[in-house]
Amino acid sequence: MVQPLPISALVPTRHRPAAFARTLHSLAQQSVQPVEMIVVDGSEDDQTKTLCHSQIPGLLTQIQYYRATEIGAATQRNQAIARATQDVIWLMDDDILLEPDCLKRLWEALQSDPRMGGVNAMITNQRYLPPGRISRVLFQFLHGQSEASYAGKCIGPALNLLPEDDPNLPEVVLVEWLNTTCTLYRREALPQPLFSSHFTGYSLMEDVTLSLMVGKQWKLANARTAKIFHDSQPGDHKNNSGVLAAMSLVNRHYVMTQILERRSPSDYIKLIVLQLFEVAALLQSIQGWRSLPAVVAGKAQAVAQIMASKSLSSNN
């Protein structure tokens, strides 16, 4: 017998009905399911709407479908939470496949400590890998000290590293940040609005921002045995390397200065070193060389945008 849990699942989506259908079918196989799912759709056709209104065998969750009034991952989640009625919020992507008992283990991890503000699932195809020699030197420089593992940490200029799936670790592992791919939050721990208007479009780093804000007063953890496969889909928002490079730098600077409050000259030096490292990493492949001009142009655009924003702030 499937047990309903007092959870509101929030799903922003756009033009991905096939991937979303696979997600819903995997949810239908879970031993527990959320009471409701709020889907905010930015599609220009009715395929996702038709899917949400269809009968999926085994799925007991009540799906509420809404058209997005504004397009973007962060703003669509803001629209969704305004419709949510439950005390636990499940931020999930539209292209994940849940392994057996994933949601049950997430729920148990969240309930394991009254001060646990949020927990996320382990992504089986996006894992933390121990850094090589050069990366370890970089991490130590950015972090200001050496660590046996940097898994689950957010170091230096807001460099966020994935959690580690080590069988020697406990099932619930404290971390410093959470993604929005498959994460449960206590609603009382969440800020209002959920995401700042700073985050638009693909909204890089909005997950880091949210979790760091929650983590100032609550514990965050990775539920290591709650596992998903991220069936990541291609899209126009992922194809423009220059736009992504610009957004990454602008948003990382925002997190570093506004959320982590790291604004010293040494913090900016670390941010510059990280950008140079990212550019140098492109030189290791043919594809990297091809994207290099766009990435450099994007980062230059981001620097100009940051400087203009700082100038505007100082004038005000």
Side-chain angles (χ1 to χ4, degrees), residues 7-14 16 19-20 23 26-27 34 37-42 68 70-84 86 88-98 102-103 106-107 109-110 116-128 152 154 158-163 175-187 189-215 218 220-223 226-233 235 237-238 244 247-248 251-252 254-255 259:
I7 297 172
S8 296
L10 312 185
V11 184
T13 188
R14 187 169 190 261
R16 300 205 287 202
F20 187 33
T23 297
S26 76
L27 176 58
M37 174 182 288
I38 317 297
V39 177
V40 177
D41 182 23
E70 185 179 352
I71 305 300
T75 185
Q76 285 177 234
R77 286 191 171 102
N78 282 347
Q79 294 166 52
I81 198 171
R83 308 274 189 174
Q86 302 301 305
V88 174
I89 300 298
W90 186 10
L91 301 181
M92 59 183 296
D93 285 357
D94 60 359
D95 56 1
I96 60 173
L97 302 178
L98 304 157
C102 176
L103 182 55
L106 281 172
W107 176 262
L110 188 67
M116 191 70 74
V119 296
N120 70 350
M122 178 67 68
I123 306 176
T124 59
N125 58 325
Q126 295 174 354
R127 298 187 183 188
Y128 172 85
C154 185
L159 176 61
N160 52 305
L161 299 155
L162 292 168
V175 295
E176 295 180 0
W177 74 282
L178 302 172
N179 54 35
T180 51
T181 311
C182 181
T183 301
L184 289 186
Y185 279 107
R186 295 184 192 274
R187 190 166 191 163
L190 293 170
Q192 295 182 349
L194 189 61
F195 296 105
S196 162
S197 59
H198 172 86
F199 295 100
T200 59
Y202 188 41
S203 309
L204 285 174
M205 300 289 292
E206 92 285 6
D207 51 357
V208 180
T209 299
L210 174 65
S211 55
L212 289 176
M213 291 174 68
V214 172
W218 297 78
L220 306 175
N222 172 247
K227 297 186 178 183
I228 64 169
F229 178 85
H230 192 191
D231 187 23
S232 187
Q233 302 295 301
H237 58 280
K238 299 179 182 179
L244 289 179
M247 183 184 295
S248 174
N251 290 358
R252 194 176 303 282
Y254 174 85
V255 177
I259 307 303

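Numbers here simply count residues along the sequence, with the first being 1. Remember, it's a predicted structure, so these values are computed and weren't measured experimentally.
With hydrogens and angles ignored, the 3.5 Å screen pairs no side-chain donor or acceptor of Thr209 with any backbone N or O of Val255. With Glu176 contributing its side chain and Cys154 its backbone, the two residues share a donor-acceptor pair below 3.5 Å. Side chain of Asn251 to backbone of Leu204: a donor-acceptor contact under 3.5 angstrom is found. Between the side chain of Ser211 and the backbone N or O of Trp177 there is no donor-acceptor pair closer than 3.5 Å.
Judged as a side chain to side chain contact (heavy atoms under 4.5 Å, CB included), and not counting sequence neighbours, the contacts of Leu110 are Val88, Met116, Val119, Leu184, Arg186. For Gln86, there are no side-chain hydrogen bond (donor to acceptor under 3.5 Å, both in side chains) partners, not counting sequence neighbours. Scored by the side chain to side chain contact (heavy atoms under 4.5 Å, CB included) test, Ala80 finds Leu10, Ile38, Val40 as partners (sequence neighbours excluded). Under the rule for a salt bridge (charged side-chain N to carboxylate O under 4.0 Å, His left out), Arg252 has no partner lying at least two apart in sequence or in another chain. Under the salt bridge (charged side-chain N to carboxylate O under 4.0 Å, His left out) criterion, Arg187 pairs with no residue, sequence neighbours left out. Phe199 pairs by the ring-ring contact (aromatic ring centres under 6.0 Å, His included) definition with Tyr254, not counting sequence neighbours. Checked against side-chain hydrogen bond (donor to acceptor under 3.5 Å, both in side chains), Asn78 has no partners two or more places apart in sequence or in another chain. Every residue meeting the side-chain hydrogen bond (donor to acceptor under 3.5 Å, both in side chains) condition with Thr183, not counting sequence neighbours, appears here in chain and number order: Asn179. With sequence neighbours excluded, no residue forms a side chain to side chain contact (heavy atoms under 4.5 Å, CB included) with Ser197. The side-chain hydrogen bond (donor to acceptor under 3.5 Å, both in side chains) test applied to Thr23 returns no partner, not counting sequence neighbours. For the salt bridge (charged side-chain N to carboxylate O under 4.0 Å, His left out) test, residues two or more places apart in sequence or in another chain that qualify with Asp94 are Arg16.
Once rounded to the nearest 0.5 Å, the distance linking CG of Asp93 with OG1 of Thr180 reads 5.5 Å. Rounding to the nearest 0.5 Å places CG of Leu91 at 6.5 Å from CG of Leu210. With values rounded to the nearest 0.5 angstrom, Thr181 atom OG1 is found 12.5 Å from Met122 atom CE. From Asn120, atom CG reaches atom CG of Leu220 across 9.0 Å, with rounding to the nearest 0.5 Å. Between the CG atom of Leu98 and the CD1 atom of Ile228 there is a distance of 7.0 Å, given to the nearest 0.5 Å. The CD atom of Gln76 sits 14.5 Å away from the CD1 atom of Ile81 when rounded to the nearest 0.5 Å.
Contact detail for Ala84 and Ile89: the closest heavy-atom pair is CB-CD1, 3.9 Å. Nearest heavy-atom pair, Ala223 versus Leu106, reported as atom, atom and distance to 0.1 Å: CB-CD2, 4.0 Å. Scanning all heavy atoms of the two residues, the minimum distance from His230 to Gln126 falls at ND1-NE2, 3.1 Å. The shortest non-hydrogen separation linking Arg77 to Met92 is NH2-O, 3.8 Å. Contact record, Tyr128 with Leu162: CB-O, 3.3 Å, taken as the closest heavy-atom pair. Closest approach of Val214 and Ala189 over heavy atoms only: CG2-O, 3.5 Å.
No side-chain heavy atom of Val11 sits less than 4.5 Å from a side-chain heavy atom of Trp90. You'll find the side chain of Ile7 stays beyond 4.5 Å of the side chain of Met37, heavy atoms only.
Sorted by first and then second residue, the salt bridge (charged side-chain N to carboxylate O under 4.0 Å, His left out) pairs involving residues 117-126 (not counting sequence neighbours) form an empty list.
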